[in-house]
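As C-alpha cells, the structure follows; a few thoughts come after it.
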Amino acid sequence: MAQVSLRNVSKLYASGVRAVDNVNLGVENKEFMVLVGPSGCGKSTTLRMIAGLEEISEGTIWIGDRVVNDVPAKDRNIAMVFQNYALYPHMTVFENMAFGLKLRGYPKAEITRRVTEAAEILNIRRFLERRPRQLSGGERQRVALGRAIVRKPMVFLFDEPLSNLDAKMRVQMRKEIHKLRLRLQTTFIYVTHDQTEAMTMADRIVVMKDGKVQQVADPITVYFHPANRFVASFIGSPPINLMEGQIIKKERKYYFTEGKFTVKLVEEMYNAIAPYEGKDVTFGIRAEDIYDKLFVSESSPENTIRATCEIVEPLGSEVYLYLNSGRHNFVARVGAHNRPEVNRDMDLVFDMSKVHFFDKESEHTIV
C-alpha cells in the first residue's frame, strides 16, 4: 500500500524561519494529491521532506507501513520528477532512463525491458538514442517521467514539473500525466503554484500559505466552499471579487452594504450571518455569478447594483468586464455576446445564493 502520512511535520531552519509549520496530511493509496500555494508557502519543502532531500525538524513521515524520518532518499522507494528535468547532457535518453537502475545493479535485460516499456508508454521510443539537447522541453519532461517510471516506485513526487513549458505544452503534459496516473495506478504527490493544474488534475488539493495547510478537499469543494478568504482568492480565475462592508438588518431581513450599494442576503444565510449584524465583514462573489441585467429574465432591486464598466476584455467565448462601484473595483465574466459600452453605467445582478462572507479579523468563512 503506497499511503503517505505526515504527522505534525515542521521544518525550522537555523535562521529561525519556519518554512513548514505543523503539517498533518494523509495521502491515500493510488490518490493524486496536489499541493498548491504561492511561492514560499512551504509546498516544495514539504515534498522534499517526503523525498528525503530535506531533514525533518519535527514530526513523523510514514510511507507505506514504515517511518522514514531517518531513511535515506534512495531507500524510500519513491521517484521524483523535478522542474528542470535534471537530465545528464552527455548521456542518451536510454542512458538517462537506465542510470538509476544500473546504480542498483539490475541485469541488463531487465533494464532494457523497463526502459523500453516506459518509452512506449510515453511515446518516446524513437528518441532513445538522442541526447537531451536534441529534444524539446516537452520531450525532455517525458524523459524525466520515464526515468521515474522505470523505478516502479511506491510513490511519484512531482515538483512543479510543467513550469518551464509553454502554455500549449503544459496542457498536453497535463493530459499525459493524467493518463500515466490511470495506467500506473499508484500514488502521486504533485506540487504546483498553478491553480489550474491543481483543479484539473487532483483528487484532493492541499492549499498552503506561510507553511500552514489552509484547506484539504476535492477541487469542487475548495472552489465552492473555501475555508477562508485566502483559499477563496487563490483558487479561481479571475480571482474572486472581495469587497469590504457591513451587515445590516431591516424588517427582519439581512443586507450587505458597502457604501455605494446594498444587496439582500438569501434566507438560508440568516442563521450564520446573524451574529455579524452591525459588524464589518468581507463580501466575496465570483466573476461568473455577476450578470448584466439586460440579459437576465428575472431580477430584483434587492440584488441589483449600478456600476461603471471601465474595460471590456473579449476572450473568444467569454468577455471580462472590469467594473467600478464607486468604492470597489471588481470583474464579471459574461458571454461573448455581451459587449457594453466602456465608461458607461450599467445595472448588474448578483446571484446572492452563491456569495461568500468572511470574518474581517480571522478571515475564516462565515457563509
Side-chain angles (χ1 to χ4, degrees), residues 21-26 33-38 41-43 192-196 198-200 202-249 253-259 261-291 302-303 305 325 327-333 348-367:
D21 190 3
N22 197 36
V23 167
N24 287 278
L25 186 63
M33 176 76 84
V34 176
L35 278 61
V36 66
C41 72
K43 57 189 184 296
T192 182
H193 64 272
D194 185 336
Q195 49 103 4
T196 301
M199 291 291 290
T200 56
D203 293 324
R204 283 192 298 159
I205 293 174
V206 181
V207 184
M208 296 186 68
K209 176 191 177 188
D210 298 333
K212 295 179 180 290
V213 172
Q214 303 295 307
Q215 187 171 4
V216 183
D218 64 272
I220 298 302
T221 298
V222 170
Y223 188 80
F224 288 107
H225 304 286
N228 55 41
R229 174 177 172 155
F230 172 77
V231 174
S233 60
F234 189 81
I235 299 295
S237 182
I240 191 170
N241 298 296
L242 296 171
M243 308 177 201
E244 307 300 327
Q246 193 174 69
I247 298 297
I248 59 175
K249 187 177 182 181
K253 297 177 182 179
Y254 287 98
Y255 296 81
F256 169 77
T257 180
E258 58 92 74
F261 69 79
T262 299
V263 285
K264 185 173 79 72
L265 278 61
V266 296
E267 291 185 12
E268 290 79 7
M269 297 180 178
Y270 284 6
N271 288 339
I273 210 70
Y276 289 85
E277 180 185 347
K279 295 181 180 179
D280 291 340
V281 296
T282 302
F283 169 91
I285 185 167
R286 295 204 179 273
E288 63 267 27
D289 299 323
I290 302 173
Y291 315 111
E302 294 180 313
N303 69 340
I305 75 162
S325 70
R327 284 197 64 191
H328 290 97
N329 294 309
F330 58 103
V331 59
R333 187 167 69 196
L348 298 157
V349 177
F350 285 0
D351 186 341
M352 293 301 295
S353 67
K354 296 179 181 177
V355 302
H356 303 265
F357 288 97
F358 306 98
D359 185 287
K360 188 77 177 293
E361 299 300 323
S362 70
E363 298 191 350
H364 290 159
T365 298
I366 302 167
V367 179

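One-based numbering along the sequence shown.
One finds the CG atom of N241 at 9.5 Å from the CG atom of D289 (value rounded to the nearest 0.5 Å). Atoms CG and CG, on D210 and D21 in that order, are 9.5 Å from each other to the nearest 0.5 Å. Rounded to the nearest 0.5 Å, atoms CD1 (I248) and NZ (K253) are 12.5 Å apart. In this structure, the separation between CZ on F283 and CD on Q246 is 15.0 Å, given to the nearest 0.5 Å. Remark: F234 CZ to M208 CE distance equals 11.5 Å, nearest 0.5 Å.
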Could you list the donor-acceptor pairs under 3.5 angstrom formed by side chains in residues 265-277, with sequence neighbours left out?
residue, atom, partner, partner atom, Å
Y276, OH, D359, OD2, 2.8

Which atom pairs, one a donor and one an acceptor, fall under 3.5 Å between side chains of residues 349-357 and the rest of the protein, sequence neighbours left out?
residue, atom, partner, partner atom, Å
D351, OD1, S353, N, 3.2
D351, OD1, S353, OG, 2.6

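For the pair T282/E363, no side-chain contact is recorded, criterion being any heavy-atom separation below 4.5 Å from C-beta on. Residues K360 and V281 are not in side-chain contact: their nearest non-hydrogen atoms beyond the backbone lie 4.5 Å or more apart. Looking at R333 and V331, their side chains never come closer than 4.5 Å, going by heavy atoms from C-beta outward. Side-chain contact between Y223 and M199 is present, with heavy atoms from C-beta onward closer than 4.5 Å. Between I235 and P226, every side-chain heavy-atom pair lies at or beyond the 4.5 Å cut-off. At a threshold of 4.5 Å between non-hydrogen side-chain atoms, the residues F330 and L348 count as touching.
Although no hydrogens or angles enter the test, the distance criterion places a donor-acceptor pair under 3.5 Å between the side chain of R327 and the main chain of E258. K43 contributes a side-chain N or O that, together with a main-chain N or O of G37, makes up a donor-acceptor pair within less than 3.5 Å. A donor-acceptor pair under 3.5 Å is formed between the side chain of H328 and the backbone N or O of E244.
Contact between F261 and M243 at its shortest, heavy atoms only, is CZ-SD, 3.7 Å. Shown here for D194 and T192, the closest heavy-atom pair between the two residues is N-OG1, 2.9 Å. The two residues Q195 and S237 come nearest to each other via the heavy atoms NE2-CB, 3.4 Å. Between P238 and A287 the shortest heavy-atom distance is CG-CB, 3.7 Å. When all heavy atoms of A232 and F358 are compared, the closest pair comes out as CB-CZ, 3.5 Å. Scanning all heavy atoms of the two residues, the minimum distance from P219 to D203 falls at CD-O, 3.5 Å.
Here the rule is side-chain contact (heavy atoms from CB on, under 4.5 Å) with V231, and of I240, V207, I205 only V207 fits it.
With sequence neighbours left out, the side chain to side chain contact (heavy atoms under 4.5 Å, CB included) criterion links A227 to Q215.
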Begin from the C-alpha positions of L25 and V213 and carry the test side-chain contact (heavy atoms from CB on, under 4.5 Å) through to its verdict.
CA-CA 9 Å; L25 186 63; V213 172; 5.7 Å; no

